[in-house]
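Numbers here simply count residues along the sequence, with the first being 1. Keep in mind that what you see is a predicted model, and the values were worked out from it rather than measured.
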Amino acid sequence: ALEMTEKIHMDEFFFFTYDSILKKLGRENQGYVELKREVDKLTKKYPLIKNLHEGKSVNDGATRKEVEAVQKYMELKFEMQIYVEREHYFRGYRDCILFMIHCGALGTNFDMV
């Protein structure tokens, strides 16, 4: 039962981490905000894009403009993911150092900004 509890806590931790990264990017990173704005515009203009999230095919009966919009949407989402991954990468170092300070391995003379 202990393993299951640990897994749940790790899942919650990763969800919290991912969520906090998205919020931070949305507040502080102009490049990410611009991409998100474009994604939202495309989603609003082309409701077909919502089909992607529901696992439906987007090619059946789609116009050329709709297919191009889906392609652009996918490109933007990929670019947004790069921002998220970069933030995860640097956060890993930060979290590791904070953990080492917390458990006493590095002492308490560090200021983490």
[X] to [Y] - nearest heavy-atom pair and separation:
{"X": "Ala69", "Y": "Tyr46", "answer": "CB-CD1, 3.4 Å"}
{"X": "Asn29", "Y": "Tyr83", "answer": "OD1-CE2, 3.2 Å"}
{"X": "Ala62", "Y": "Val67", "answer": "CB-CG2, 3.8 Å"}

Salt bridge (charged side-chain N to carboxylate O under 4.0 Å, His left out) pairs touching residues 39-48, sequence neighbours excluded, are Lys36-Asp40, Glu38-Lys41
Sorted by chain and residue number, the salt bridge (Lys or Arg N to Asp or Glu O under 4.0 Å) partners of Arg37 (sequence neighbours excluded) come out as Glu34
Lys23 meets the salt bridge (Lys or Arg N to Asp or Glu O under 4.0 Å) criterion, sequence neighbours left out, with Asp19
Residues at least two apart in sequence or cross-chain that pass ring pair (Phe, Tyr, Trp, His ring centres under 6.0 Å) with Phe90, listed by chain then number, are none
Sequence neighbours excluded, the answer for side chain to side chain contact (heavy atoms under 4.5 Å, CB included) partners of Phe14 is Met10
With sequence neighbours excluded, tell me which residues meet side-chain hydrogen bond (donor to acceptor under 3.5 Å, both in side chains) with [X].
{"X": "Arg64", "value": "Glu68"}
{"X": "Thr43", "value": "none"}
{"X": "Lys24", "value": "Glu87"}

Check your understanding: Are Arg86 and Tyr89 in a cation-pi contact, defined as NZ or CZ under 6.0 Å from the six-membered ring centre and within 45° of the axis?
Key -> no
Answer with yes or no whether the hydrophobic clustering places Tyr18 together with Leu25; edges join I, L, V, M, F, W, Y residues whose side-chain heavy atoms lie under 4.5 Å apart.
yes
Report task. Look at the side-chain heavy atoms of Ile, Leu, Val, Met, Phe, Trp and Tyr, link any pair under 4.5 Å apart, and say whether Met74 and Leu76 land in one connected group. Result -> yes
Item to complete: Step by step, work out the side-chain contact (heavy atoms from CB on, under 4.5 Å) result for Ile21 and Thr17.
Response: CA-CA 6 Å; Ile21 285 172; Thr17 300; 4.0 Å; yes
### Query
Using links of under 4.5 Å between side-chain heavy atoms of ILVMFWY residues, direct or through other members, which residues join Phe78 in one cluster?
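Listed partners: Ile82.
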One should read off an interatomic distance between Leu42 CG and Ile49 CD1, to the nearest 0.5 angstrom, of 5.0 Å
- request: Look up atom CG in Leu22 and atom CZ in Arg27, then write down how far apart they are to the nearest 0.5 Å.
  value: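 Going from the CG atom of Leu22 to the CZ atom of Arg27 covers 11.0 Å.
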| request: Keeping to residues at least two apart or across chains, list the side chain to side chain donor-acceptor pair (under 3.5 Å) pairs with something in residues 71-80. | output: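 Residue pairs passing side chain to side chain donor-acceptor pair (under 3.5 Å), neighbours aside: His53-Tyr73.
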